[in-house]
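This report concerns only the one structure given below.
Residues: numbered from 1 along the sequence shown. Being a predicted model, the structure only gives us computed values, none of them experimental.
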Amino acid sequence: MSNGTAVMGKMNSKKVHIRCRRCGHHAYHIREKRCAHCGFPAPRLRSYKWAKAK
Ligand SMILES: [Zn+2]
């Protein structure tokens, strides 16, 4: 009876990212204690040349 969406109920069960206080994005990883967007608390902003700022 599994139609492929049985795991959908487990989505969002763990809160991994919270709002970053530096960049404001919902990208601060709680367990890693690091923002996935700006790299907080790293002193330099996380940036890659393949991720061009708009
Ligand atoms: Zn951030």
Pairs touching residues 38-50 that satisfy salt bridge (Lys or Arg N to Asp or Glu O under 4.0 Å), sequence neighbours left out: none

Residue pairs passing the salt bridge (Lys or Arg N to Asp or Glu O under 4.0 Å) test where at least one lies in residues 17-31, sequence neighbours excluded: none

Flag side-chain contact, heavy atom, 4.5 Å: His17 against Ile30: no

Contacts of type side-chain contact (heavy atoms from CB on, under 4.5 Å), residue Ala27, not counting sequence neighbours: His25, Cys35, Ala36, His37

hydrophobic_cluster_shared for Phe40 and Ile18, side chain cutoff 4.5 Å: yes

Contacts of type ring-ring contact (aromatic ring centres under 6.0 Å, His included), residue His26, not counting sequence neighbours: none

